[in-house]
Amino acid sequence: MAVDLHAHTRESDGSDEPKELVEKAVAAGLSAVAITDHDTLTGIRQAQQAADRSGIRLVPGVELSLQWSPGTMHMVVLWLRPEPGPLQDELARLQASRADRNERMVSRLAELGFDISLEEVLAEAGGGVVGRPHLAAVLVGKGYFPDPSAAFTELLGAGRPGYLGRERLTPEQAISLARRSGAVTVLAHPHTLGHDRAEEFAATFERLQAAGLVGVECFYPEYPPEQRLDFARETRRFNLVPSGGSDYHGNYKAGLRLGTGRENNLHVPDHVLEELEAARP
C-alpha cells in the first residue's frame with residue numbers, strides 16, 4: 001500500500017478541514033497520511049479522531065521554513081505531537097513571527113496599489129495559520145491575478161515586489177529541536193534549495209545527515225519518475241531514507257491529488273514509513 005507524508009489542511013495553507021483530509025486519504029486507499037501544516041499542530045487532534053474512526057494511520061507533523069540561501073529550505077517533521085516539548089514550544093514564537101510578517105506584507109501590498117485588508121486575509125484563512133497562499137487567494141478573488149500561481153510568480157514569491165521575510169530557524173536548530181521532541185526530520189522538496197550541481201546536493205545532504213537529518217523527500221509530484229529515482233539513489237548514499245508525499249494543499253494547488261500527485265503517478269511505498277519510524281529518537 002501507499003502513504004502520503006506531506007499534506008496540509010485549513011489550519012495552515014490548505015483548503016480542507018483536517019477530518020476531510022483524512023477522509024480523502026481513506027478514499028485514496030492510503031495506509032497512512034501525515035498532516036504537516038506550517039508551524040502549527042492545531043489540526044492534529046481533529047485529524048486523529050477521524051483517523052481512529054476510519055482505521056487509517058495518522059502521523060502527526062509540521063512543516064518548517066528554515067534559514068537558507070540561495071534558495072529555500074523546508075523541513076517536514078514527523079511524529080511531533082500537540083503537547084509540550086522543545087520544538088512545540090518554539091512553534092508559538094514562529095507563529096508570532098508569521099503574524100507580524102502578514103501585517104507587514106498587507107501594508108506592503110497596499111503601497112504597491114493592491115487594495116486588500118488583513119481582515120480579508122484572516123477570513124480566507126478561516127482561523128488557521130495565515131500564509132502567502134491566503135494573500136494570493138484574496139488577490140485572485142479581487143481580480144488582480146488569474147490564479148494563485150501567477151500571484152506568487154509576479155508578486156508574492158521570494159525576491160518579488162510584495163515579498164517580505166520573517167524569522168526562521170537554522171537547519172541544525174530545527175533538527176536538534178525535533179530530535180529532542182522525539183520527532184524525525186525529512187528535507188522537503190530538495191529542488192528548492194537553489195542547487196544546480198550534484199556536488200551541491202551532496203554537500204547539503206552530508207551536512208544535514210551529520211546534524212541528525214533522517215530523510216529526504218524524493219518521491220514528489222513535481223519530479224519526473226527518473227528524477228525521483230536519482231534523488232533516492234543519492235539519498236541512500238548518505239544513509240538517509242528516501243521519503244515522499246504529495247504536498248497536498250487542496251484547492252490552493254489545483255490538479256494535485258492527495259496520495260497520487262498529478263496524473264495519479266505518485267506512489268510512496270509504506271516501507272518508507274517503517275524506515276522513518278525505526279529512526280525515531
Side-chain angles (χ1 to χ4, degrees), residues 6-18 21 35-44 61-69 71-77 80 82 87-170 173-174 177 188-189 192 247-254:
H6 188 169
H8 299 272
T9 79
R10 193 166 175 78
E11 294 301 318
S12 66
D13 56 349
S15 62
D16 294 347
E17 294 292 340
L21 190 146
I35 286 185
T36 55
D37 284 320
H38 293 276
D39 297 340
T40 183
L41 297 165
T42 53
I44 299 300
V62 73
E63 184 175 8
L64 305 173
S65 301
L66 306 177
Q67 292 181 25
W68 189 256
S69 182
T72 60
M73 180 184 289
H74 288 191
M75 193 166 288
V76 169
V77 182
L80 187 71
L87 181 54
Q88 293 94 325
D89 295 344
E90 182 68 14
L91 292 180
R93 194 171 66 83
L94 294 175
Q95 289 168 17
S97 176
R98 267 185 176 273
D100 175 70
R101 193 269 294 267
N102 293 330
E103 292 185 22
R104 292 186 292 114
M105 284 191 71
V106 168
S107 296
R108 174 63 175 158
L109 294 178
E111 293 172 0
L112 294 171
F114 296 95
D115 179 23
I116 72 171
S117 68
L118 182 61
E119 289 72 24
E120 290 171 318
V121 177
L122 293 173
E124 176 67 28
V129 173
V130 179
R132 285 178 292 160
H134 302 118
L135 290 165
V138 173
L139 289 166
V140 170
K142 290 200 161 188
Y144 288 114
F145 297 96
D147 53 57
S149 177
F152 270 83
T153 300
E154 299 179 34
L155 184 65
L156 301 176
R160 306 313 298 163
Y163 177 83
L164 293 174
R166 63 181 177 86
E167 184 178 358
R168 303 172 191 267
L169 298 171
T170 67
Q173 286 174 326
L177 286 166
H189 40 66
T192 64
D247 200 2
Y248 174 79
H249 285 71
N251 296 335
Y252 290 123
K253 282 193 175 183

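Worth knowing before you read on, the calculation uses all heavy atoms, side chains too, and leaves out hydrogens, waters and symmetry mates.
- In this structure, Gln95 contributes its side chain and Asp39 its backbone to a donor-acceptor pair below 3.5 Å.
- Although no hydrogens or angles enter the test, the distance criterion places a donor-acceptor pair under 3.5 Å between the side chain of Arg108 and the main chain of Pro161.
- In this pair, Phe114 and Phe145 present their aromatic rings parallel. The plane angle is below 30°, not in the 30 to 60° band.
- With values rounded to the nearest 0.5 angstrom, Met105 atom CE is found 5.5 Å from Leu164 atom CG.
- Looking at every heavy atom in both residues, Ala174 comes nearest to Met75 through CB-SD, 4.4 Å.
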Acceptor/donor pairs from residues 118-128 side chains to any protein atom, 3.5 angstrom cut, sequence neighbours excluded:
unit_1, atom_1, unit_2, atom_2, d
Glu120, OE1, Ser117, N, 2.8
Glu120, OE1, Ser117, OG, 3.3
Glu120, OE1, Lys142, NZ, 3.2
Glu120, OE2, Lys142, NZ, 3.0
Glu124, OE2, Tyr252, OH, 2.4

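- Here the side chains of Leu155 and Leu109 are in contact, with some heavy-atom distance below 4.5 Å.
- Within a 6.0 Å radius of CG in Asp100, other residues, nucleotides and ligands contribute more than 12 heavy atoms.
- When all heavy atoms of Val140 and Pro146 are compared, the closest pair comes out as CG1-O, 4.0 Å.
- Annotation: side chain of Leu66 is not in contact with side chain of Thr170 (no heavy-atom distance under 4.5 Å).
- Scanning for side-chain contact (heavy atoms from CB on, under 4.5 Å) contacts around Ser97 gives Arg166, Glu167, with sequence neighbours left out.
- The line from CZ of Arg168 to OG1 of Thr72 is 8.0 Å long, rounded to the nearest 0.5 Å.
- Just one of Val76, Ile44, Leu91, Ile35 meets the side chain to side chain contact (heavy atoms under 4.5 Å, CB included) condition when paired with Val62; it is Leu91.
- Side chain of Asp37 to main chain of Thr9: a donor-acceptor pair is present (N/O by atom type, distance under 3.5 Å, no hydrogens or angles).
- Nearest approach of Gly131 to Arg98, heavy atoms of both residues: CA-NH1, 3.8 Å.
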For this session: Kindly determine whether Leu94 and Leu169 satisfy side-chain contact (heavy atoms from CB on, under 4.5 Å), including the steps that lead there.
Result: CA-CA 9 Å; Leu94 294 175; Leu169 298 171; 4.3 Å; yes
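- Between the side chain of Asp13 and the backbone N or O of Pro133 there is no donor-acceptor pair closer than 3.5 Å.
- His8 and Asp16 share no donor-acceptor pair across their side chains, judged by distance under 3.5 Å alone.
- Judged purely by atom type and a 3.5 angstrom limit, Arg10 has no side-chain atom pairing as donor or acceptor with the backbone of Gly43.
- Atom CG of Asp147 sits about 12.0 Å away from atom CG of Leu139, to the nearest 0.5 Å.
- Across all their heavy atoms, Ser15 and Asn251 have their closest contact at OG-N, 2.7 Å.
- Across Phe152 and Arg160, no two heavy atoms sit closer than the pair O-CG, 3.8 Å.
- In this structure the side chain of Tyr163 reaches within 4.5 angstrom of the side chain of Arg132, judged on heavy atoms.
- Under the 4.5 Å side-chain criterion, counting only non-hydrogen atoms from C-beta, Val77 is not in contact with Leu177.
- Contact check for Tyr144 versus Val138: no side-chain heavy atoms found under the 4.5 Å cut-off.
- The two atoms that bring Ser12 and His134 nearest to each other are O-CE1, 2.7 Å, heavy atoms only.
- For Ser65 (side chain) and His74 (main-chain N/O), no donor-acceptor pair under 3.5 Å exists by modelled atom type.
- Considering CG of Leu80 and CG of Leu41, their distance stands at 5.0 Å, rounded to 0.5 Å.
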